[in-house]
Trainee: 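Pasting a structure here, questions to come.
Computed over heavy atoms, backbone and side chain alike; hydrogens, waters and symmetry mates excluded. Quick note: residue numbers are just sequence positions, from 1.
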Amino acid sequence: MNIDVTRYTGRPADCSGRLAREVACYDLLDHLGIAYDRVDHEAANTVADCEAVEGYLGAPICKNLFLCNRQKTNFYLLLMEGEKPFRTKELSKQIGSARLSFGSPEDMETYLGVTPGSATILAMMNDQNHRVQLILDRSVAEGDRFGCHPCINTSTLNLSMQEIRQKFLPYLGVEPILVDLPDEREVTP
């Protein structure tokens, strides 16, 4: 995976050739006065790709999962630690929604305006009708900084979780659900 090892502060100096949805992320973050650093790279499609970017970014990159209930009437965006295993049973119990599964690429694009591999908390800005419920694992929500894509997985931003929770989410009118997902990596037999 090719990574530009320069850690840039803020938006690209020249946004030509960047997708409109990416530029819209920079516009909103700048409007809200949220500072961020950026690393550009080839498409990061896997957790392993994101781990390679983390070293240059200086922040852990979240796993972003687009989920729905069986009836496809409730949609969720879950942010959790990248290496933490995801267990639907534990999340289902905490949010009171049985039979969770991954949402379709079509629904992700309809509600969040992004494609698979580019799901991000920043895509909540595209959910004008509030169809997607944001869920934050407490370990991420209470963390200092985190990495996420600006609605495209060819760049990753280093953001302050406090600024996202105090500026970005209130601006959008989004109230996240906090959950405590177990970290089975730490369980000893």
Trainee: Aromatic rings Y111 and F75: how do their planes relate, parallel, tilted or perpendicular, breaks at 30° and 60°?
Mentor: tilted
Trainee: Report whether V140 and L157 are members of the same hydrophobic cluster (ILVMFWY, side-chain heavy atoms less than 4.5 Å apart, transitive linking).
Mentor: yes
Trainee: Please assess N158 against Y56 for the test side chain to side chain donor-acceptor pair (under 3.5 Å), listing each intermediate value before the final yes or no.
Mentor: CA-CA 10 Å; N158 177 330; Y56 301 102; over 6 Å; no
Trainee: Between the side chains of D107 and T110, does any donor sit under 3.5 Å from an acceptor?
Mentor: no
Trainee: Using the rule that two of Ile, Leu, Val, Met, Phe, Trp, Tyr join whenever any of their side-chain heavy atoms come within less than 4.5 Å, decide whether V53 and F146 are in one cluster.
Mentor: no
Trainee: Is there a donor-acceptor contact under 3.5 Å linking the side chains of S139 and E81?
Mentor: yes
Trainee: Could you tell me the separation between the CG atom of L79 and the SG atom of C148, rounded to the nearest 0.5 Å?
Mentor: 7.5 Å
Trainee: Same cluster for L77 and L159 if Ile/Leu/Val/Met/Phe/Trp/Tyr side chains link at under 4.5 Å?
Mentor: yes
Trainee: Could I get the full list of salt bridge (charged side-chain N to carboxylate O under 4.0 Å, His left out) partners for E54, not counting sequence neighbours?
Mentor: none
Trainee: For L91, run the side chain to side chain contact (heavy atoms under 4.5 Å, CB included) check against V179, D137, L65 and tell me which one passes.
Mentor: V179
Trainee: Name the one of L178, I121, I177 that satisfies side chain to side chain contact (heavy atoms under 4.5 Å, CB included) with L134?
Mentor: I121
Trainee: Establish, from distance only, whether the side-chain atoms of S155 and H149 form a donor-acceptor pair under 3.5 Å.
Mentor: no
Trainee: Sequence neighbours left out, what passes salt bridge (charged side-chain N to carboxylate O under 4.0 Å, His left out) with D180? Give chain and number order.
Mentor: R138
Trainee: Would you name the heavy atoms of M124 and L172 that are closest together and state the gap between them?
Mentor: C-CD1, 3.8 Å
Trainee: Please answer: with hydrophobic residues joined when any side-chain heavy atoms are less than 4.5 Å apart, are V114 and Y36 in the same cluster?
Mentor: yes
Trainee: Answer yes if I34 and L169 sit in the same cluster of Ile, Leu, Val, Met, Phe, Trp and Tyr residues linked by side chain heavy atoms under 4.5 Å apart, and no otherwise.
Mentor: yes
